[in-house]
Amino acid sequence: MQDGAATWQGTSDYIAAEDLRRIVNVAAALGRPLLVKGEPGTGKTLLARSIAEGLGLDLISWHVKSTTKARDGLYVYDTVQRLYDSRFHDKDVSDIRAYIALGPLGRAFASEQRVVLLIDEIDKADVEFPNDLLHELDAMSFTITETGDLVAAKQRPVVIITSNNEKELPDAFLRRVVFHFIEFPDEALMAQIVDVHFPGLDRTLLDKALAVFYRLRKVDGLRKRPSTSELVDWLAALLASGVDLDQVGDDVPFIGTLLKRERDVIVARESGKPKRWR
Amino acid sequence: MSAAPPGAGEGGGARRTLLFGRLFFGLRGAGLPVGVGEWMALMELLSRGVIAPDLTDFYRVARAVLIKHEAQFDTWDQVFTAVFGGGQLPTKAAEELLSWLEDPLPFPELTAEQLAALETLPLDELRRLFEERLAEQTERHDGGNKWIGTGGTSPFGHGGRNPAGVRVGGSGGSRSAIQIAGERRFRDYRSDRVLDTRQLAVALRRLRRLSRAEGEPELDVEESVDRTCKNAGFLELAFTPPRENQAKVLLLMDVGGSMTPFTRMVETLFSAASHLNHWKRFDHFFFHNCPYSRLFESVSSQKVTPTSEVVRDKPRDTFLIMVGDASMAPSELLSPYGAIDYFEHNETPGLKWLHLLRSHFTRSVWLNPIPAEHWRGYTLELIAQLFPMFPLTLNGLDQAVDHLVKRTHAPPPDLDPSLFRALW
């Protein structure tokens, strides 16, 4: 990047594909939010932490839930506290500002330093939620109605938004973001990722495990294909038990760490057997 | 400019504009919603030299800025290959055709001769014809999909999904971006495309009934301030129950048989409704052609709930949404033991069960996936007399919701007993 700003290269505990590294820096250069989608377990949420670490910035996370309102991200005005305080006259209630707490978005704007803002799982909230944030994300500012104060970003934060595809996002929102779809890592990249979690893992074990893992992922008809985090759990189980993958034949040991649905386990077992004539 | 964007250089300006213009209009032409704002952002990146001067970098950066759904990556790959690798541009017509093939219309009534003619056409012949027509259509660019439509055979031409009169690959050079695009790795994501649950969800959201009847009371700030003032500054809090959506929704869906072509549509509606978290209660059941004494709890399982229990337990103000093509043999609707499933053993004709549902749930509609202009057939007419029927489209759903939230609802007409006397 020629803009002089620091560029993110991934961190020691987060291996990013080259594409992703580029797009993160492009989004930062444009000052637009980056929308990240991908299979569960491909490290969407961890990405923001790694970017913050890599660029040496603070991370502010906003985990969206089904009841989250867009306004919660800006600020909350604690009326009840103010009413109570007014009753006993032991505090000065004339200053509304004392009762206004900034939300994650508000804090990101108000921060003196540039920060990384993670809006996690934006699709969990109501369908109108992203639309309610359009203006704030565009202008990177908002006004506190009660006081008339303007909260404007001193340094445009690096905004990372993740989505699990539970709901379609509105077009107007999509038009304002940069989009990246995290593809599932191939075996070479996966070997690097595993190396971060299990440094110095025996190469032959890793190769065998990855072969089994990618074979399972290719099985047709799985509801939830195993992902990186499941692979890491599975490897931990293999290492702890010392099972030799050569000895077990077609049966995958600790398959429950890889496949979480009973039906998927059955489908996977069936797929290992030779097909009967139908 | 510190780095040259692709195609730049001495005298490259004109060609660059041409190429980029071709990319922009190629994307729009292929039906991708690329906006001017996004395009300008890409131009900004180019002029600031953020994009490295090689096509691979341009490919991934431009994709991130312009394309916002993984389901559209495949089309992007095709357009990119076409513009920078010298392939053939996909057209919106081809895309529309593909999507149309996924949601076929019901087969129009054909004469015996037409049927015979159809059967004699071998599969590859059909495919060849189809591809020929599609190719011609791309060249002519004139709403030609209608022209294929008159053939009426396309939805059933099995090869129909392969044709993609779009040349794939065609790697014009050794540049890796073209190869990446040519691989079309995102092809699989196309079919994953959730049709547009969002639009449906937005329409369904209007289905609500707000009341202050129940729920944890919450602080009424305005009223508290008023009362505190009247109380000479001594705090007095006022609470009101929150306004909550009291709407209850019951969705009954026809599955299997003649509904198979519409599975995607019904699934989309179902996922939109079930993910909404918006109603006080949402229930759903399945039936096959017509509901009888029992309703199925899932498509595949044998778990059933008696219809009489549903009618007994669900309050009358529940919104009932029926989904089905309402097309079946008259006997399935009108005769005892007429159900298509032999094991159903229905003593009571299906129409009476429908009448029971309609009479109990005062607010009910029927959504039909068949487009309204193709609504015909005896059973469909009978059911449309009983239930207000709307097409299962965005517009139709809007109208259905309008109908459901109306204040007054007429009771259903009585059934004509003579209907059940005919022997089918």
Side-chain angles (χ1 to χ4, degrees), chain A residues 1-3 5 7 17-32 34-39 65-67 77 79-80 82-89 123-128 130-131 138 163 165-183, chain B residues 1-3 33-38 41-42 44-45 48-52 56-57 59-73 180 185-186 189 192-202 204-205 218-219 221 224-225 228 233-237 268 271-272 275-278:
Chain A
M1 201 161 68
Q2 276 76 18
D3 274 18
T7 56
E18 198 196 341
D19 277 16
L20 178 56
R21 288 204 296 270
R22 276 299 288 153
I23 302 311
V24 166
N25 294 320
V26 163
L30 273 178
R32 292 193 177 203
L34 171 63
L35 171 67
V36 187
K37 287 209 283 194
E39 271 183 51
K65 305 198 171 58
S66 65
T67 51
Y77 171 31
T79 5
V80 180
R82 189 161 175 240
L83 273 172
Y84 270 119
D85 287 351
S86 74
R87 186 169 185 173
F88 302 110
H89 303 288
D123 53 331
K124 285 267 186 300
D126 186 86
V127 279
E128 291 302 336
N131 275 339
D138 244 5
S163 165
N165 248 355
E166 274 193 16
K167 296 191 183 89
E168 293 281 313
L169 300 168
D171 286 342
F173 173 79
L174 290 176
R175 249 179 256 126
R176 288 166 168 84
V177 300
V178 173
F179 173 64
H180 185 74
F181 182 76
I182 300 190
E183 281 178 76
Chain B
M1 201 185 299
S2 48
V34 178
V36 175
E38 290 154 317
L42 181 65
E44 186 195 328
L45 286 173
R48 277 165 57 186
V50 177
I51 302 179
T56 312
D57 199 48
Y59 167 83
R60 60 186 173 210
V61 173
R63 191 181 72 188
V65 176
L66 301 178
I67 311 295
K68 305 300 164 60
H69 202 294
E70 68 274 16
Q72 294 162 354
F73 280 3
I180 298 169
R185 280 176 303 158
F186 296 97
Y189 291 106
D192 286 355
R193 170 99 211 201
V194 195
L195 254 176
D196 207 344
T197 52
R198 182 185 155 73
Q199 289 172 316
L200 292 180
V202 169
L204 283 170
R205 262 166 61 91
E218 57 189 27
L219 181 71
V221 176
S224 300
V225 170
T228 307
F234 196 74
L235 185 67
E236 190 171 335
L237 296 177
T268 309
S271 77
H275 280 140
L276 210 52
N277 305 333
H278 171 65

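- In this structure, the portion of A:L169 lying under 4.5 Å from any heavy atom of chain B is its backbone and not its side chain.
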Stepwise, does the side-chain contact (heavy atoms from CB on, under 4.5 Å) test hold for B:H69 with A:K37? CA-CA 9 Å; B:H69 202 294; A:K37 287 209 283 194; 3.8 Å; yes
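- Remark: A:R176 CZ to B:K68 NZ distance equals 10.0 Å, nearest 0.5 Å.
- Scanning both residues, A:I23 and B:A64, for their nearest heavy atoms gives CD1-CB, 3.5 Å.
- Not counting sequence neighbours, the partners of A:D171 by the side-chain contact (heavy atoms from CB on, under 4.5 Å) test are A:L174, A:R175.
- Heavy atoms closer than 4.5 Å to chain A are found in the side chain of B:L237, but not in its backbone.
- For the atom pair A:F181 CZ and B:Q72 CD, the distance stands at 12.5 Å (nearest 0.5 Å).
- Across A:R22 and B:V61, no two heavy atoms sit closer than the pair NH2-CG2, 3.9 Å.
- The minimum heavy-atom distance linking A:R32 with B:A41 is given by the pair NH2-CB, 3.7 Å.
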